[in-house]
Amino acid sequence: MRVNPRALAQQLIDSGVLNDLSSDVSVAGPGFINVTLDNDYLSTALASEPLVTPTNAPLRIVVDYSSPNVAKQMHVGHLRSTVIGDSITRMLTLAGHSVVRQNHIGDWGTAFGKIVAYIEELGSDKEVGQSLDDLEQFYVAASKRFDEDKDFASTAREAVLKLQSNDPKTMAVWQKFIDASTRHMQEIYEKLDILLKPADIRGESSFNDDLPSVIDKLEDGGFLVESDGAQCVFVEGFVRKDGSQLPMIVQKSDGGYLYHTTDLATLLYRTNELNADQVLYFTDARQILHFQMLFAVAKKAGFAPPEVELEHHAFGSILNSHGEPLKTRAGENPLLADLIEQAEAHAKQVVREKSSHLEVFQQDEIAHKVAIGAIKYADLSKNRTSDYKFDLETMMSLEGNTSPYLQYAHARINAIFARGGIDSQGIELEEIRVRHPAEHDLSVRLLRFQEVLEQSIEERKAHHMCNFLYDLTVHFTRFYEKCQVLNAEKSERNSRLGLCARTAEALRVGLDCLGISVPTRM
Ligand code: ARG
């Protein structure tokens, strides 16, 4: 507006538009406006404003997450994609978008030749069934056979070809293995309280029949270039260190297809059949180049309409307490199931100590929620793109920016209600009267939920929600130290119970955005 910012700020204040919000507005610095929200405004807003107002422009958003390669059991490398992706889908849903979860499992490729050959060798259904109970051992055994026995190796290679041509007998054996691994996977999802269901699985294999048409489409568009017998697509801007063009290979010289090719077919399905407005992918940072090329080719060759947004969201690694990649003693990636078990054992110890007044079955239920919460929160509360340390001690501390601290605050509010014999559903929010500075500080935070949800969604980063919940809890604790609730006089008591109820709601819904559930008591 080409006016002095301080003068403009003063003009805005004088216009009175801020009068409803604030009794104390002043110009500061080069032209900032300091607004101290009015206690009456806060009281009315807390009585009438819902925690979340759903968007009036809902989008259809496909979220590709978890997506493990299922030849082996799920390990720690799948944790971040699973936890982060799930949290984003929860927040998108809460904000009113229509979310389609997709588990693009790696269920196709040469590894499955070994697996099929090994199942066939085992022969008896009973023996196969037993071996599949431990997928890790099973795959190690199959690989060993492959390395040691030439005949087995060639049977395994033939099996790959048979799979590619949909040979019914081979497919049936393969299916047996896929069923066993998805059962293992689903068990982990249930333990971790992840929303992915078997119906969300649409793995690489399900696009096998579409791959020739991907090549045809690229060919028809004039995008295919043959290089050393392989079919490639070149896109501007992708060059090697020596300056030469980096190709995206879509078909090898032996006719085999690649990860890229499957992803192109998958994109057609997501845009044409699932009608996506946006497609989000959550994988670790090693796949950044893959997705950059995929999106460039997809847009150029019409695999996704220009208006569809394609986004890859990468994340850092999980480190041990010394800052090295987390490994088992044998140098392997720790299994997710083992990690969960460790966390639960640790949580049980803590809960037995802190909640000795409860029955053992209650302690176990709490320990489960605390363990899962701690694992997820440690991951989600860091900026997604950084590495983080997996340290059970810190993750489960009842102090600091941790899940148990937030869960505990929620349980504490429940305990206040229980002690006062109060039905939390029956609390009249109209009675909220913000007066004390500690009430004021808490209220200002409570009214930020929507803004924080929107920011977390926009940046696809859950740590904003985590930081908000932590800050809220710190201010609730201060409020509870400074202000009597149950012993206050009647109207003040009712008002403060209202603030407790709104805090409990924000904690419960906020933690639910992270996939963390709250124990009723702790
Ligand atoms: N299966 C892959 C892996 O474990 C991740 C798949 C991600 N999704 C995709 N559409 N490429 O690395």
Side-chain angles (χ1 to χ4, degrees), residues 61-89 99-112 115 135-136 139 174 177-178 181-182 184-186 188-189 192 194 196 198 200-208 210-211 214 233 248-250 257-274 276 278-299 303-304 308-318 325-326 332-336 384 460:
I61 306 179
V62 171
V63 186
D64 177 327
Y65 69 105
S66 194
S67 307
N69 296 332
V70 296
K72 291 181 169 195
Q73 209 155 310
M74 277 178 95
H75 60 73
V76 61
H78 305 116
L79 182 63
R80 297 211 72 185
S81 173
T82 307
V83 167
I84 296 171
D86 204 55
S87 165
I88 298 295
T89 68
V99 174
V100 188
R101 297 182 176 82
Q102 290 284 281
N103 195 355
H104 188 78
I105 59 173
D107 57 358
W108 206 238
T110 50
F112 293 91
I115 286 166
L135 286 183
E136 211 50 28
Y139 189 73
W174 168 84
F177 177 80
I178 296 300
S181 1
T182 48
H184 281 274
M185 192 170 78
Q186 220 47 55
I188 302 248
Y189 291 152
L192 274 177
I194 294 296
L196 284 167
D200 303 322
I201 296 177
R202 210 170 158 97
E204 292 180 18
S205 66
S206 58
F207 298 101
N208 185 45
D210 305 336
L211 300 180
V214 168
V233 185
M248 172 163 135
I249 305 174
V250 287
Y257 303 102
L258 294 102
Y259 186 51
H260 297 294
T261 329
T262 309
D263 256 329
L264 282 171
T266 309
L267 249 180
L268 274 183
Y269 167 72
R270 291 178 180 174
T271 51
N272 292 344
E273 314 262 326
L274 298 179
Q278 295 181 342
V279 188
L280 318 184
Y281 299 81
F282 290 89
T283 80
D284 71 36
R286 283 172 301 182
Q287 299 196 32
I288 289 179
L289 183 62
H290 163 70
F291 284 108
Q292 282 174 344
M293 292 190 95
L294 175 71
F295 298 165
V297 171
K299 290 283 169 164
F303 284 79
V308 173
E309 288 172 55
L310 307 176
E311 304 174 9
H312 174 226
H313 297 289
F315 38 79
S317 319
I318 306 182
L326 196 63
E332 306 271 337
N333 283 320
L335 293 182
L336 216 39
R384 172 167 47 70
R460 325 292 193 201

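We number each residue from 1, following the sequence as shown. Whatever order the structure lists ligands and atoms in, that order sets their numbers, starting from 1.
Listed by first and then second residue, the salt bridge (charged side-chain N to carboxylate O under 4.0 Å, His left out) pairs that reach into residues 62-73 are D64-R270, sequence neighbours excluded.
Protein residues having at least one heavy atom under 4.0 Å from any atom of ligand 1 are D64, S67, N69, H104, Y259, D263, Y281, T283, Q287, F291, listed by chain and number.
The ring pair (Phe, Tyr, Trp, His ring centres under 6.0 Å) search around F315 returns none, not counting sequence neighbours. Checked against ring pair (Phe, Tyr, Trp, His ring centres under 6.0 Å), Y189 has no partners two or more places apart in sequence or in another chain.
The closest side-chain donor-acceptor pair between Q287 and Y259 falls under 3.5 angstrom.
Side-chain rings of H312 and F295 stay apart, their centers remaining 6.0 Å or farther from each other.
The two residues P334 and L326 come nearest to each other via the heavy atoms CD-O, 3.4 Å.
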